[in-house]
Amino acid sequence: MTTLARQDAWTIAAGVADPEIPVVSIEDLGILREVRVGPDGHVQVVITPTYSGCPAMEAIRADVLAAFERAGHTDVEVQLVLAPAWTTDWITETGRRRLEEFGIAPPVRGAAAGREGSAPVSLTLAVRCPQCGSPETRELSHFGSTACKSLWVCTACKEPFDHFKPL
(Lines give C-alpha, C1' and ligand atoms only; values in the text may rest on other atoms or scores of the structure.)
Protein backbone atom coordinates (compact mmCIF):
# COMPACT_ATOMS: atom_id res chain seq x y z
CA MET A 1 0.00 0.00 0.00
CA THR A 2 1.24 3.47 -0.83
CA THR A 3 0.65 6.59 1.21
CA LEU A 4 -1.65 9.08 -0.43
CA ALA A 5 -0.84 12.75 -0.79
CA ARG A 6 -3.48 14.89 0.88
CA GLN A 7 -4.61 16.39 -2.44
CA ASP A 8 -5.01 12.93 -3.99
CA ALA A 9 -7.07 11.83 -0.98
CA TRP A 10 -9.19 14.98 -1.28
CA THR A 11 -9.78 14.25 -4.98
CA ILE A 12 -10.99 10.71 -4.18
CA ALA A 13 -13.39 11.94 -1.48
CA ALA A 14 -14.56 14.91 -3.55
CA GLY A 15 -15.61 12.60 -6.37
CA VAL A 16 -18.33 11.00 -4.26
CA ALA A 17 -21.80 11.99 -5.47
CA ASP A 18 -24.59 13.02 -3.14
CA PRO A 19 -26.95 10.01 -3.01
CA GLU A 20 -30.08 12.19 -3.10
CA ILE A 21 -28.92 14.58 -5.83
CA PRO A 22 -26.35 12.59 -7.85
CA VAL A 23 -25.48 15.49 -10.17
CA VAL A 24 -23.61 17.18 -7.33
CA SER A 25 -20.68 15.85 -5.33
CA ILE A 26 -20.25 16.06 -1.59
CA GLU A 27 -17.61 18.72 -2.32
CA ASP A 28 -20.13 20.71 -4.42
CA LEU A 29 -22.58 20.70 -1.50
CA GLY A 30 -19.94 21.73 1.03
CA ILE A 31 -20.45 18.53 2.99
CA LEU A 32 -16.79 17.53 2.58
CA ARG A 33 -14.97 19.60 5.19
CA GLU A 34 -11.49 18.15 5.54
CA VAL A 35 -9.25 15.27 4.48
CA ARG A 36 -6.22 14.32 6.57
CA VAL A 37 -3.53 11.80 5.71
CA GLY A 38 -1.33 10.62 8.58
CA PRO A 39 2.34 9.67 8.20
CA ASP A 40 1.25 6.03 8.48
CA GLY A 41 -1.13 6.46 5.53
CA HIS A 42 -4.30 6.52 7.62
CA VAL A 43 -6.88 8.74 5.92
CA GLN A 44 -9.50 10.66 7.85
CA VAL A 45 -12.35 12.24 5.91
CA VAL A 46 -14.47 14.81 7.76
CA ILE A 47 -18.03 15.43 6.60
CA THR A 48 -20.85 17.60 7.95
CA PRO A 49 -24.53 16.73 7.34
CA THR A 50 -26.83 19.28 5.78
CA TYR A 51 -28.93 18.87 8.94
CA SER A 52 -28.72 16.62 11.98
CA GLY A 53 -30.45 13.35 11.28
CA CYS A 54 -29.94 13.55 7.51
CA PRO A 55 -30.65 9.99 6.31
CA ALA A 56 -28.11 10.30 3.49
CA MET A 57 -25.07 10.43 5.79
CA GLU A 58 -24.69 6.66 6.18
CA ALA A 59 -24.88 6.22 2.40
CA ILE A 60 -22.29 8.98 1.96
CA ARG A 61 -20.02 7.36 4.53
CA ALA A 62 -20.27 4.01 2.71
CA ASP A 63 -19.70 5.66 -0.69
CA VAL A 64 -16.57 7.47 0.59
CA LEU A 65 -15.13 4.21 1.95
CA ALA A 66 -15.97 2.44 -1.34
CA ALA A 67 -14.29 5.19 -3.38
CA PHE A 68 -11.07 4.80 -1.38
CA GLU A 69 -11.25 1.02 -1.60
CA ARG A 70 -11.55 1.23 -5.40
CA ALA A 71 -8.43 3.42 -5.35
CA GLY A 72 -6.60 0.75 -3.31
CA HIS A 73 -6.79 2.38 0.14
CA THR A 74 -8.58 0.68 3.00
CA ASP A 75 -7.17 2.45 6.07
CA VAL A 76 -9.82 5.15 5.89
CA GLU A 77 -12.07 6.63 8.54
CA VAL A 78 -15.05 8.89 7.92
CA GLN A 79 -15.78 11.29 10.76
CA LEU A 80 -19.12 13.05 11.02
CA VAL A 81 -18.98 16.49 12.65
CA LEU A 82 -21.96 18.68 13.53
CA ALA A 83 -20.10 21.89 14.38
CA PRO A 84 -19.88 24.26 12.77
CA ALA A 85 -23.33 23.52 11.39
CA TRP A 86 -23.60 23.21 7.62
CA THR A 87 -25.04 26.19 5.78
CA THR A 88 -26.25 26.55 2.20
CA ASP A 89 -23.55 29.21 1.83
CA TRP A 90 -21.08 26.30 1.67
CA ILE A 91 -22.55 25.11 -1.64
CA THR A 92 -19.97 25.90 -4.32
CA GLU A 93 -20.72 27.88 -7.47
CA THR A 94 -20.33 24.63 -9.42
CA GLY A 95 -22.84 23.01 -7.07
CA ARG A 96 -25.30 25.87 -7.52
CA ARG A 97 -24.99 25.64 -11.31
CA ARG A 98 -25.45 21.85 -11.29
CA LEU A 99 -28.50 22.09 -9.01
CA GLU A 100 -30.11 24.58 -11.37
CA GLU A 101 -29.25 22.48 -14.45
CA PHE A 102 -30.88 19.52 -12.66
CA GLY A 103 -34.07 21.54 -12.12
CA ILE A 104 -33.54 22.47 -8.47
CA ALA A 105 -33.53 26.16 -7.62
CA PRO A 106 -30.40 26.75 -5.53
CA PRO A 107 -30.61 28.81 -2.33
CA VAL A 108 -29.70 32.45 -2.53
CA ARG A 109 -26.09 33.03 -1.51
CA GLY A 110 -25.93 34.80 1.83
CA ALA A 111 -29.30 33.46 2.95
CA ALA A 112 -27.58 32.21 6.09
CA ALA A 113 -26.60 35.76 7.02
CA GLY A 114 -26.26 36.47 10.67
CA ARG A 115 -24.15 33.41 11.22
CA GLU A 116 -20.48 33.83 11.92
CA GLY A 117 -18.54 34.25 8.69
CA SER A 118 -21.64 34.61 6.54
CA ALA A 119 -22.29 37.15 3.84
CA PRO A 120 -24.47 40.25 4.28
CA VAL A 121 -28.23 39.78 4.28
CA SER A 122 -29.75 39.65 0.83
CA LEU A 123 -33.45 40.13 0.26
CA THR A 124 -35.11 37.70 -2.08
CA LEU A 125 -38.58 38.50 -3.30
CA ALA A 126 -38.95 35.35 -5.36
CA VAL A 127 -37.32 32.07 -6.17
CA ARG A 128 -36.33 31.93 -9.84
CA CYS A 129 -37.64 29.01 -11.86
CA PRO A 130 -34.71 26.75 -12.86
CA GLN A 131 -36.56 25.87 -16.09
CA CYS A 132 -37.36 29.29 -17.59
CA GLY A 133 -35.74 31.77 -15.16
CA SER A 134 -38.97 33.54 -14.30
CA PRO A 135 -39.26 35.05 -10.83
CA GLU A 136 -43.01 34.44 -10.96
CA THR A 137 -43.09 31.40 -8.72
CA ARG A 138 -44.88 30.32 -5.59
CA GLU A 139 -44.33 27.73 -2.90
CA LEU A 140 -46.67 24.73 -3.04
CA SER A 141 -45.30 22.92 -0.01
CA HIS A 142 -42.59 23.70 2.53
CA PHE A 143 -41.41 20.10 2.02
CA GLY A 144 -40.13 18.84 -1.33
CA SER A 145 -38.60 15.54 -2.41
CA THR A 146 -36.35 15.65 0.68
CA ALA A 147 -36.57 17.57 3.95
CA CYS A 148 -33.91 20.04 2.80
CA LYS A 149 -36.00 21.15 -0.21
CA SER A 150 -39.39 22.79 -0.66
CA LEU A 151 -41.77 22.31 -3.60
CA TRP A 152 -42.45 25.31 -5.85
CA VAL A 153 -44.26 25.96 -9.11
CA CYS A 154 -43.53 28.51 -11.81
CA THR A 155 -46.62 30.51 -12.73
CA ALA A 156 -45.02 31.44 -16.08
CA CYS A 157 -44.08 28.01 -17.49
CA LYS A 158 -46.26 25.99 -15.06
CA GLU A 159 -43.41 23.61 -14.18
CA PRO A 160 -43.05 22.39 -10.59
CA PHE A 161 -39.56 22.34 -9.13
CA ASP A 162 -37.66 21.79 -5.90
CA HIS A 163 -35.98 24.69 -4.13
CA PHE A 164 -33.05 24.01 -1.83
CA LYS A 165 -34.04 25.66 1.44
CA PRO A 166 -31.55 28.27 2.65
CA LEU A 167 -30.03 27.35 5.99
Side-chain angles (χ1 to χ4, degrees), residues 4-38 42-71 73 76-124 126-130 133 139 142-152 161-167:
L4 277 171
R6 184 194 167 280
Q7 184 58 48
D8 293 337
W10 179 276
T11 300
I12 292 169
V16 172
D18 179 81
E20 293 176 332
I21 313 168
V23 296
V24 293
S25 71
I26 61 173
E27 180 185 44
D28 293 333
L29 286 179
I31 293 171
L32 178 61
R33 302 306 303 156
E34 190 171 352
V35 177
R36 302 180 194 115
V37 179
H42 176 74
V43 177
Q44 185 178 47
V45 177
V46 179
I47 57 176
T48 298
T50 55
Y51 63 94
S52 64
C54 175
M57 296 315 290
E58 283 308 311
I60 291 171
R61 179 190 308 265
D63 289 348
V64 167
L65 294 174
F68 276 94
E69 189 171 326
R70 282 191 303 275
H73 303 279
V76 180
E77 167 191 3
V78 178
Q79 181 183 13
L80 183 72
V81 295
L82 300 176
W86 179 85
T87 165
T88 49
D89 287 345
W90 293 356
I91 299 174
T92 66
E93 288 306 315
T94 299
R96 290 172 189 282
R97 181 180 44 78
R98 288 180 176 162
L99 285 172
E100 192 163 11
E101 289 170 354
F102 192 61
I104 298 173
V108 173
R109 183 167 290 287
R115 297 173 66 162
E116 186 176 330
S118 63
V121 174
S122 64
L123 180 60
T124 302
V127 172
R128 289 203 172 273
C129 173
E139 187 180 56
H142 197 58
F143 297 97
S145 60
T146 62
C148 57
K149 292 178 267 180
S150 54
L151 181 61
W152 287 65
F161 63 92
D162 273 338
H163 170 55
F164 216 106
K165 295 176 190 172
L167 294 175

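Along the sequence shown, the residues carry numbers beginning at 1. We use all heavy atoms of the structure for the numbers below, so side chains are in, but hydrogens, waters and symmetry mates are not.
The distance from atom CZ of Phe164 to atom OG1 of Thr146, rounded to the nearest 0.5 Å, is 6.5 Å. One distance of note links SG of Cys54 with CG of Asp18; it measures 7.5 Å at 0.5 Å rounding. For the atom pair SG (Cys148) and CG (Leu29), the distance works out to 8.5 Å, reported to the nearest 0.5 Å. Ile26 CD1 to Asp63 CG: the interatomic distance, rounded to the nearest 0.5 Å, is 8.5 Å. Here the CG-NE2 distance, from Leu65 to His73, works out to 13.5 Å after rounding to the nearest 0.5 Å. Here Ser150 contributes atom OG and Phe143 contributes atom CZ; the two are 9.5 Å apart, rounded to the nearest 0.5 Å.
Every pair passing salt bridge (charged side-chain N to carboxylate O under 4.0 Å, His left out) that includes a residue from residues 21-30 is listed here, sequence neighbours excluded: Asp28-Arg98.
At a threshold of 4.5 Å between non-hydrogen side-chain atoms, the residues Ile47 and Gln79 do not count as touching. The side-chain heavy atoms of Arg96 and Pro107, taken from C-beta on, include a pair separated by under 4.5 Å. A heavy-atom distance below 4.5 Å is not found between the side chains of Leu151 and Phe161. Side chains of Leu4 and Ile12 form a contact here, defined as non-hydrogen atoms less than 4.5 Å apart.
Take Thr48 and apply the side chain to side chain contact (heavy atoms under 4.5 Å, CB included) test, not counting sequence neighbours, and it matches Arg33, Val81, Trp86, Trp90. Taking Asp162 as the reference, Ser145 meet the side-chain hydrogen bond (donor to acceptor under 3.5 Å, both in side chains) condition, with sequence neighbours excluded.
In terms of heavy-atom proximity, Pro55 sits nearest to Glu20 at CG-OE2, 4.2 Å. Between Pro19 and Ala59 the shortest heavy-atom distance is CG-CB, 4.0 Å. Nearest heavy atom pair, residue Pro106 against residue Leu99, reads CB-CD1, 4.3 Å.
Within 6.0 Å of atom CD in Glu69, 12 or fewer heavy atoms from other residues, nucleotides or ligands are found, so the atom counts as exposed in its surroundings.
When the options Leu82, Ile31, Ile60 are evaluated for a side-chain contact (heavy atoms from CB on, under 4.5 Å) with Pro49, the one that passes is Leu82. Shown are Glu93, Glu100, Glu101; of these, the side-chain hydrogen bond (donor to acceptor under 3.5 Å, both in side chains) with Arg97 is made only by Glu101.
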Would Lys149 and Ile21 count as a side chain to side chain contact (heavy atoms under 4.5 Å, CB included) if you check the C-alpha gap in whole Å, the side-chain angles of each, and the deciding distance to 0.1 Å?
-> CA-CA 11 Å; Lys149 292 178 267 180; Ile21 313 168; 3.9 Å; yes

Applying side chain to side chain contact (heavy atoms under 4.5 Å, CB included), run through Val45 and Trp10 and close with a yes or a no.
-> CA-CA 8 Å; Val45 177; Trp10 179 276; over 6 Å; no

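Side chain of Arg6 to main chain of Val35: a donor-acceptor pair is present (N/O by atom type, distance under 3.5 Å, no hydrogens or angles). Distance alone, capped at 3.5 Å, places no donor-acceptor pair between the Arg61 side chain and the Glu77 backbone. A distance-only check finds no donor-acceptor pair linking the side chain of Arg36 to the backbone of Gln44 [under 3.5 Å]. With hydrogens and angles ignored, the 3.5 Å screen pairs a side-chain donor or acceptor of Lys165 with a backbone N or O of His142.
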